[in-house]
Amino acid sequence: LQYRGSHKGCLMMRADAHYQQGLFDACKQTIAQIYRTFPDDKEASALYKRVKKVGKLRAKAEKLAKDNKVRQAVAEYKKIANMEDLGNKEVERETVRTLCTSCHQVEKWQEAVEWCTKGLGMEGEGDVGLLTALAESYLKLERLEEAEAEARKILGFQGNDRAAHTILQQVQKLRKL
């Protein structure tokens, strides 16, 4: 009887590891193994529901983005980001990063600033892609000091970054007006 309990624990650890790696199908298969022995397991049921929900939302968002329906995709990604029991840092990081770039793409500048700032807090200040989206969003909001500061950060990491130089030129141009 003790073997069965430890076997279930190992399977749950494996299922959670699959979930953390974004291998949702493998996670579901491992949970199915748990169900064969423990059909009423609440922990496995909770993980299965979470995996199914995240997988479904993610697939829908990716399809919408692929079909160039970025605004609708943003709504789906927000649902993932706002899940309280997400429990997956990698999915959360990917989602926040996607929200940053997608909000920037659909010209929701204030939202882009919020998501990019959150993404930089998760990824670290050295993510040039997030810094660029943040600097451009600040520029569109005419928050010139912040745009310039972010562009200078980019240049600190990549001294000849074309986008950062363009942002700095636009800041100087807007200040002269």
**Student:** Is K78 salt-bridged to E111, going by a charged N under 4.0 Å from an acidic O?
**Tutor:**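 Looking at E111 together with K78, the answer is yes, because their closest N to O distance falls below 4.0 Å.
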
**Student:** With no hydrogens and no angle check, is any side-chain donor or acceptor of R14 less than 3.5 Å from a backbone partner on T30?
**Tutor:** no

**Student:** Could you tell me whether E76 and R58 have a side-chain N and a carboxylate O separated by less than 4.0 Å?
**Tutor:** no

**Student:** Does any non-hydrogen side-chain atom of K56 lie less than 4.5 Å from one of K60?
**Tutor:** no

**Student:** Salt-bridged, K140 to E107, with N to O below 4.0 Å?
**Tutor:**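 No.
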
**Student:** Pick one: which of T37, I34, I31 meets side-chain contact (heavy atoms from CB on, under 4.5 Å) with L11?
**Tutor:**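 It is I34; the other options fail the test.
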
**Student:** Quick check on the hydrophobic clustering: are M83 and L64 connected, directly or via other members, by side-chain heavy-atom contacts under 4.5 Å?
**Tutor:**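 Unlinked, M83 and L64 end up in two clusters.
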
**Student:** Under 4.5 Å between any side-chain heavy atoms of Y35 and Y48, yes or no?
**Tutor:**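 Heavy-atom side-chain distance check passes, below 4.5 Å.
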
**Student:** Quick one: do E148 and R152 make a salt bridge, cutoff under 4.0 Å?
**Tutor:**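 Salt bridge between E148 and R152, a charged N being under 4.0 Å from a carboxylate O: yes.
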
**Student:** Answer yes if the ring centres of H104 and W115 are under 6.0 angstrom apart, and no otherwise.
**Tutor:** no

**Student:** Step by step, would you call K153 with E125 a salt bridge (charged side-chain N to carboxylate O under 4.0 Å, His left out)?
**Tutor:** CA-CA 8 Å; K153 279 184 198 174; E125 290 293 314; 3.1 Å; yes

**Student:** Are any side-chain N or O atoms of D161 and backbone N or O atoms of A163, one a donor and one an acceptor, separated by less than 3.5 Å?
**Tutor:** yes

**Student:** Are E146 and V113 side-chain neighbours, meaning at least one heavy-atom pair lies under 4.5 Å?
**Tutor:** no

